[in-house]
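Contents: one structure, followed by commentary.
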Amino acid sequence: MLNKFNDHYQDRGTVKWQGMYLSEHSQSLENDATELADTISQKPQMTSFKIASVLDSAIVKNKKVAIQIEEINENGDYAKDTIGKIKGYDELGIYIDHIKVGYDEIRNIQLYEEIKWSKIIN
């Protein structure tokens, strides 16, 4: 009789153990997953000439830029890009919306094109 049971029994694997996690464990696992998803890779260091060229193009064309700041956190990861239009500038840096970014802080800068939801859907 035991052999017949084993022939028809389908093990659910790790799914059956999901109920054994405490809520604190589940929250900790979710936090770890979001931290891993938020890691930003290092973009290549641009020369000051290339940075100035992109800044000039963004100002002339009135386009948004995405700037990676030369700063890492305690885990060695870069922060999310600063995205926005250039609202002004002075001898020390530029103003992206209400955030001042120094010229010497810019690691990488690119013109930013927003992806419209209508282009994502096939």
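Please read all numbers here as calculations on a predicted model, not as lab measurements.
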Can you list, by chain and residue number, the hydrophobic cluster partners of V60 when the side-chain cut-off is 4.5 Å? none

Considering only distance and modelled atom types, tabulate donor-acceptor pairs under 3.5 Å from the side chains of residues 44-55, sequence neighbours left out.
{"residue": "Q45", "atom": "OE1", "partner": "R107", "partner atom": "NH1", "Å": "3.0"}
{"residue": "T47", "atom": "OG1", "partner": "K50", "partner atom": "N", "Å": "3.2"}

So which atom in Y78 and which in E71 form the shortest heavy-atom distance, rounded to 0.1 Å? CD2-O, 3.5 Å

Side-chain heavy atoms of V65 within contact of I83, under 4.5 Å: no

Quick check on the hydrophobic clustering: are Y89 and V101 connected, directly or via other members, by side-chain heavy-atom contacts under 4.5 Å? yes

Nearest-0.5 Å distance that lies between atom CG in N108 and atom CD1 in I67: 9.5 Å

So, do K100 and D90 sit near enough that their side-chain heavy atoms are less than 4.5 Å apart? yes

Main chain of Q110, side chain of Q68: is a donor-acceptor contact present, judged purely on distance under 3.5 Å? no

Name all residues meeting the salt bridge (charged side-chain N to carboxylate O under 4.0 Å, His left out) criterion together with E114; count only those two or more places apart in sequence or in a different chain, and write none if there are none. K64

Tell me, please, which residues at least two apart from E113 pass salt bridge (charged side-chain N to carboxylate O under 4.0 Å, His left out). K63

In this structure, CG of L92 is separated from OH of Y103 (nearest 0.5 Å) by 8.5 Å

For K43, all residues meeting salt bridge (charged side-chain N to carboxylate O under 4.0 Å, His left out), sequence neighbours excluded: D81

Apply salt bridge (charged side-chain N to carboxylate O under 4.0 Å, His left out) to D56 and list each qualifying residue two or more places apart in sequence or on a separate chain. none

Distance col, row D97:CG vs K85:NZ, nearest 0.5 angstrom, shows 9.5 Å

Separation of I106 CD1 from I94 CD1 (nearest 0.5 Å): 4.5 Å

Linked, directly or transitively: I59 and I96 (ILVMFWY side chains, under 4.5 Å): yes

